[in-house]
Amino acid sequence: MGPVVVLARPEVRQSLRGNAARLALMAGPVAFFAVFFAYPVTAIVGRGLRVEGAWQFGRFGEVLGRPDILHVLWFTTWQALASTALTLLVALPGAYVFARLDFPGKRLLRAVVTVPFVLPTVVVGTAFLALLGRGGLLDEMWGVRLDTTVWAILLAHVFFNYAVVVRTVGGLWSQLDPRQEEAARVLGAGRLTAWRRVTLPALAPSVAAAALLVFLFTFSSFGVVQILGGPAFSTLEVEIYRQTAEMLDLPTAAVLTMLQFVAVGVVLAVHARAVRRREGALRLVDPARTARRPRGAAQWTVLCGVLVTVALLLITPLGVLVERSFDTPRGYGLDYYRALTVLDETGGAFLVPPIDAVANSLEYALVATAVSVLVGGLAAAALTRRAGRLVRGFDALLMLPLGVSAVTVGFGFLITLDEPPLDLRGTWMLVPLAQALVGVPFVVRSMLPVLRAVDVRLREAAAVLGASPLRAWREVDLPLVSRALLVAAGFAFAVSLGEFGATVFIARPDQPTLPVAVARLLGRPGELNYGQAMALGTILMVVCAAALLLLERIRTDTTSEEF
């Protein structure tokens, strides 16, 4: 009997070819994260926990038994929980307004609300310092200072994460059919009862996803706590920086890094589950059909309340930051901005004029954006078709840089990328590579919903006509997601521009970035240094806001509601 030749059916061959294409697309992002994320983090942890080739796991007990470390863990956890609860309380009315009400200036207001989210934490801390700190607006008017208090940290976290709740919850809320709640009211339910029994259960997955994201961002807070908290308050991220840069205690820093890694992993797993629950409810009705002009005293009251909240909580700190940048000892003027163009010859914080940080940051951010779009675009294409645990694990891997200590990544760059074949320590590429690690998750989150919305039959038709997976993606997917690609690039540029945790370690003294320059100026005494910090913070804010406003003009409803 001769050999039996089994010919695979066309759909089987197509499935195998699709899986091969998926693995090929994943190869680049996996290699990028392995070299520039996993390797530096593993190396820094290994240096702290390995002695003469043996792992010293007893360090965990030693570190966790220290009262000061337990206090840091407790403060990190409870302030993140408090920040999350306060953000939900303040931002949910805003989510309702953007989802259900239509009013003049809505698009501009949506961009204004999103500006704080893409601002660097250093600028957020600087703005609240100008509002709440010594010599700030509250101090001058009423003699009240809130810097070095937990209230300053909580308010800054609400400021920073307001847009997360508005966009995440509001995106789903705008797609819920309002007739369901109206039907409940026709059957006799009151307004509050109908909302509680019909709308709230539908929103629950979205609220949970937003809460988990806010908790993740505040749990790993660094710049805000470092500027506003003072020596009395320290999160895990701040403590890792202190133990690494100031105490040179790598074992303690390694233990804290592992604790943060585990905590972030748990949060991301819960978030992924919440997002999967949410995805089933996304395609309900066209959002344009649910927004109406405010009617009745209740809706007008909510709208006015949201406008007042945005004005006081979001616009006022930024306005005070701008005002302080012009408020010189000789009156309002451009003295602080002119000082940025002059090199301090008396042993200042820079080897170059501070204004050079603007050009450095723009150059770094452009390169980081290109890397983020390339790596994130390949990753999003690989994740387009939902699959098993391997792909879900790959998706979680892409999110890890948002929660794992950027300080650890930056210090890991210094100790790992300093010898062949990757001797990058003396080059400028270190900074954009570190920034790209933060930008990739935003690219994936912006592009993935749109890629998944592309009709699969279009790809199948291209395959039947003989197109390879790469050509099908280029001819079918790319034209449909071009706007999402621009949105992704805008987010990547903004977050790269403001990255601070890793950059503070690897930015060269003669090539500082804007966030590093602001932090250095704030760390030096004197009115001139403070004024220059306000001026640089204002410049950074304007650049980020301009990028976001441009992004808002090209956004689509499909891409704008995902981070």
Would you say that [X] contacts [Y] through its side chain, given a criterion of any heavy-atom pair below 4.5 Å between the two side chains?
{"X": "V238", "Y": "T235", "answer": "yes"}
{"X": "L536", "Y": "P354", "answer": "yes"}
{"X": "V224", "Y": "F160", "answer": "no"}
{"X": "Y241", "Y": "Q226", "answer": "yes"}
{"X": "L437", "Y": "E499", "answer": "no"}
{"X": "Q260", "Y": "F219", "answer": "yes"}
{"X": "F36", "Y": "L417", "answer": "yes"}
{"X": "L49", "Y": "F60", "answer": "yes"}

Would you give the length of the straight line joining atom [atom1] of [X] to atom [atom2] of [Y], rounded to the nearest 0.5 angstrom?
{"X": "I506", "Y": "T427", "atom1": "CD1", "atom2": "OG1", "value": "9.5 Å"}
{"X": "L132", "Y": "W151", "atom1": "CG", "atom2": "CH2", "value": "12.5 Å"}
{"X": "I69", "Y": "E62", "atom1": "CD1", "atom2": "CD", "value": "12.0 Å"}
{"X": "F222", "Y": "L236", "atom1": "CZ", "atom2": "CG", "value": "12.5 Å"}
{"X": "D510", "Y": "D356", "atom1": "CG", "atom2": "CG", "value": "9.5 Å"}
{"X": "L366", "Y": "Q435", "atom1": "CG", "atom2": "CD", "value": "10.0 Å"}

(Q) With no hydrogens and no angle check, just 3.5 Å: does a side-chain donor-acceptor pair link T252 and R66? (A)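 R66 and T252 do have a side-chain donor-acceptor pair below 3.5 Å.
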Q. Is a side-chain donor-acceptor pair under 3.5 Å present for T503 with T513?
A. no
Q. Where do L340 and I539 land on the side chain to side chain contact (heavy atoms under 4.5 Å, CB included) test, with the steps shown first?
A. CA-CA 11 Å; L340 295 176; I539 292 173; 4.1 Å; yes
Q: For a side-chain hydrogen bond (donor to acceptor under 3.5 Å, both in side chains) with S234, tell me which candidate from R242, E239, H71 qualifies.
A: E239
**Q.** L314, L88, V90 screened by side-chain contact (heavy atoms from CB on, under 4.5 Å) with V158, the one that passes
**A.**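 Between V158 and the candidates, side-chain contact (heavy atoms from CB on, under 4.5 Å) is satisfied uniquely by V90.
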Please report the shortest heavy-atom distance between [X] and [Y], naming the atom on each side.
{"X": "F128", "Y": "P317", "value": "CZ-CG, 3.9 Å"}
{"X": "A365", "Y": "L497", "value": "CB-CD1, 3.9 Å"}
{"X": "G376", "Y": "V440", "value": "CA-CG1, 4.0 Å"}
{"X": "M534", "Y": "A130", "value": "SD-CB, 3.9 Å"}
{"X": "T408", "Y": "I240", "value": "OG1-CG2, 3.6 Å"}
{"X": "A210", "Y": "V169", "value": "CB-CG2, 3.9 Å"}

Q.
If you count every heavy atom of other residues, nucleotides or ligands that lies below 6.0 Å from R47 atom CZ, does the total exceed 12?
A.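 No.
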(Q) Tell me whether F261 at atom CZ has more than 12 heavy atoms from other residues, nucleotides or ligands lying less than 6.0 Å away. (A)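 12 or below, so no.
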(Q) Ring-plane angle category for F33 and F37, please: parallel below 30°, perpendicular beyond 60°, tilted otherwise. (A) perpendicular
Q.
Check the orientation of W428 and Y364. Use parallel for under 30°, tilted for 30 to 60°, and perpendicular for over 60°.
A.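 Because their plane-to-plane angle is under 30°, the rings of W428 and Y364 count as parallel.
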Q. Passes side-chain hydrogen bond (donor to acceptor under 3.5 Å, both in side chains), S496 versus T369? Steps please.
A. CA-CA 7 Å; S496 299; T369 299; 4.7 Å; no
Is the side chain of [X] donor-acceptor paired with the backbone N or O of [Y] at a distance under 3.5 Å, no angle test?
{"X": "D249", "Y": "Q243", "result": "no"}
{"X": "T87", "Y": "N161", "result": "no"}
{"X": "Q79", "Y": "T218", "result": "yes"}

Q: Kindly indicate, with the supporting measurements, whether the criterion side chain to side chain contact (heavy atoms under 4.5 Å, CB included) is fulfilled by L362 and F493.
A: CA-CA 9 Å; L362 292 175; F493 178 80; 3.8 Å; yes
Q) Who are the side chain to side chain donor-acceptor pair (under 3.5 Å) partners of S221, not counting sequence neighbours? A)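 Expected list: H157.
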Q: Carefully, step by step, assess F159 and L318 under the rule side chain to side chain contact (heavy atoms under 4.5 Å, CB included).
A: CA-CA 10 Å; F159 170 92; L318 300 180; 3.7 Å; yes
Q: Just do the side chain to side chain contact (heavy atoms under 4.5 Å, CB included) check on T76 and L73 with the steps written out, would you?
A: CA-CA 5 Å; T76 301; L73 292 174; 5.8 Å; no
